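Right, one structure below, let's go through it.
Bear in mind that the values here come from a model prediction, so they are computed numbers and not experimental data.
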Amino acid sequence: MVLRQALTEHIKPVIIINKVNRALARSLNGFFSVLALCHTVLTAVDPATGAIEYKAQSPDEAALIQAAADAGFIFRRREKEKLLLQTPFLKETKRYEMLNILEFTSAQKRMSVIVKKLDDQDGRLFLLMKGADNVIFEQLKAGGDDLKRTTEAHLEDFANAGLRTLTLAYKVIQDDEYEAWSECYHEASTALDDREGKVEAVCDEMECKLRLLGATAIEDRLQDGVPETIADLKVVGIKIWVATGDKLETAIGVYLSPFSGVGLTDL
């Protein structure tokens, strides 16, 4: 009886730790998988080095995919509608089918992809999303308050440091749910009247009840010589206005960080 009690007291915290580790591993896998799959990037292989080069529409998108690759989640290539992803957990390359790309718009401030895992034992459908934190938080399912608070604190720290932020989330989609939604999406995307509004409404129906994964932050650097050029413009009396779609804290941080040495400290 004493031995059983001693073993129980020893094993119980180990089980709790293992559960926490498994949950953390799942979250990290989801976080980096979204970075590596939620995009429209193309790849090219350097013939001299064999290194993968990412061809993205924006430096931010390329940086996020490279960050995922640095963590072991390497987006290998796109083969028509198939996405190939190498992870640090498996020797085999994971394959996904890209079903839909719900593109970023200035109104929606988010981008999503719907992918199907191509695995004999796991053919689940996933919606992967990245976007502005105020938009993503509105689309989350109930619960996960601790992660929300932690992420909000991180976002505030990132913004105050002048970093550009994105929030990541996902959900698993049931097959019947996707089939019904796909028909509505096709009708909306081929509508002759108010196509954009109808597509947006259908996307809203799918992009909801998500699970939060976390947030990213990217330093927004100006090109060489820009602060000095702005300083010269200020000397001759030309005023500079900064237009941005970022969070207010980010905009202030970006404005102050490169200009602090040239006398532009008042907004």
Can you tell me if [X] uses its side chain to pair, donor with acceptor, with the backbone of [Y] under 3.5 Å?
X	Y	value
Ser182	Tyr178	no
Lys171	Cys208	yes
Arg124	Val172	no
Asn160	Glu156	yes

Test of understanding: clusters of I, L, V, M, F, W, Y form through side-chain heavy atoms closer than 4.5 Å, transitively. Do [X] and [Y] belong to the same one?
X	Y	result
Leu28	Leu64	yes
Phe137	Met206	yes
Leu84	Leu125	no
Met98	Val41	yes
Tyr54	Val45	no

Side-chain heavy atoms of [X] within contact of [Y], under 4.5 Å:
X	Y	answer
His186	Thr190	yes
Leu212	Tyr170	no
Thr216	Thr165	no
Leu147	Asp145	no
Ile65	Leu35	no

If every non-hydrogen atom of [X] is compared with every non-hydrogen atom of [Y], which pair is closest and at what distance?
X	Y	result
Ala71	Pro88	O-CG, 4.2 Å
Leu102	Cys203	CD2-SG, 3.8 Å
Leu163	Ala217	CD1-CB, 3.7 Å
Ala215	Leu155	CB-CD2, 3.6 Å
Ala132	Leu166	N-CD2, 4.4 Å

Atom [atom1] of [X] and atom [atom2] of [Y]: how far apart are they, to the nearest 0.5 Å?
X	Y	atom1	atom2	answer
Glu179	Cys184	CD	SG	12.5 Å
Phe31	Leu213	CZ	CG	7.5 Å
Thr167	Leu210	OG1	CG	11.5 Å
Ile136	Leu168	CD1	CG	8.0 Å
Leu42	Lys55	CG	NZ	10.0 Å
Asn29	Leu24	CG	CG	11.0 Å

Let's go through Ser33 and Leu85 carefully: what are the C-alpha distance in whole Å and the side-chain angles of both, what is the deciding distance for side-chain contact (heavy atoms from CB on, under 4.5 Å) to 0.1 Å, and is it a yes or a no?
CA-CA 8 Å; Ser33 294; Leu85 175 65; 4.3 Å; yes
Check against side-chain contact (heavy atoms from CB on, under 4.5 Å), Thr43 and Arg76
CA-CA 7 Å; Thr43 60; Arg76 288 295 182 185; over 6 Å; no
A quick test of your reading: do over 12 heavy atoms of other residues, nucleotides or ligands sit less than 6.0 Å from [atom1] of [X]?
X	atom1	result
Arg211	CZ	no
Glu53	CD	yes
Glu152	CD	yes
Glu177	CD	yes
Lys209	NZ	no

Let's go through Leu37 and Phe126 carefully: what are the C-alpha distance in whole Å and the side-chain angles of both, what is the deciding distance for side-chain contact (heavy atoms from CB on, under 4.5 Å) to 0.1 Å, and is it a yes or a no?
CA-CA 11 Å; Leu37 295 172; Phe126 297 90; over 6 Å; no
Residues in side-chain hydrogen bond (donor to acceptor under 3.5 Å, both in side chains) with Gln139, at least two apart?
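Scan of Gln139 (side-chain hydrogen bond (donor to acceptor under 3.5 Å, both in side chains), adjacent residues dropped) gives none.
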Summary of salt bridge (Lys or Arg N to Asp or Glu O under 4.0 Å) pairs that have at least one residue in residues 80-95, sequence neighbours excluded
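Matches after skipping sequence neighbours: none remain.
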Pairs touching residues 56-71 that satisfy salt bridge (Lys or Arg N to Asp or Glu O under 4.0 Å), sequence neighbours left out
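Residue pairs with at least one partner in residues 56-71: Asp60-Arg164, Glu61-Lys130.
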Which is it for Trp181 and Val202 under the side-chain contact (heavy atoms from CB on, under 4.5 Å) test, yes or no, and what are the steps along the way?
CA-CA 8 Å; Trp181 177 87; Val202 173; 3.2 Å; yes
Does any pair with a residue in residues 192-203 pass side-chain hydrogen bond (donor to acceptor under 3.5 Å, both in side chains), and if so which ones, sequence neighbours excluded?
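Sorted result for residues 192-203: empty, none.
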May I have the list of side-chain donor-acceptor pairs in residues 110-119 shorter than 3.5 Å, sequence neighbours left out?
residue : atom : partner : partner atom : Å
Arg110  : NE   : Glu207  : OE1          : 2.7
Arg110  : NH2  : Asp204  : OD1          : 2.5
Arg110  : NH2  : Glu207  : OE1          : 2.9
Ser112  : OG   : Glu207  : OE2          : 2.6
Lys116  : NZ   : Gly123  : O            : 3.0
Lys117  : NZ   : Asp122  : OD2          : 3.4
Asp119  : OD1  : Gln121  : N            : 2.7
Asp119  : OD1  : Asp122  : N            : 3.4

Only pairs at least two apart or in different chains count here, so list each ring pair (Phe, Tyr, Trp, His ring centres under 6.0 Å) that has a residue in residues 60-114.
Phe32-Phe73, His39-Phe75, Phe73-Phe89
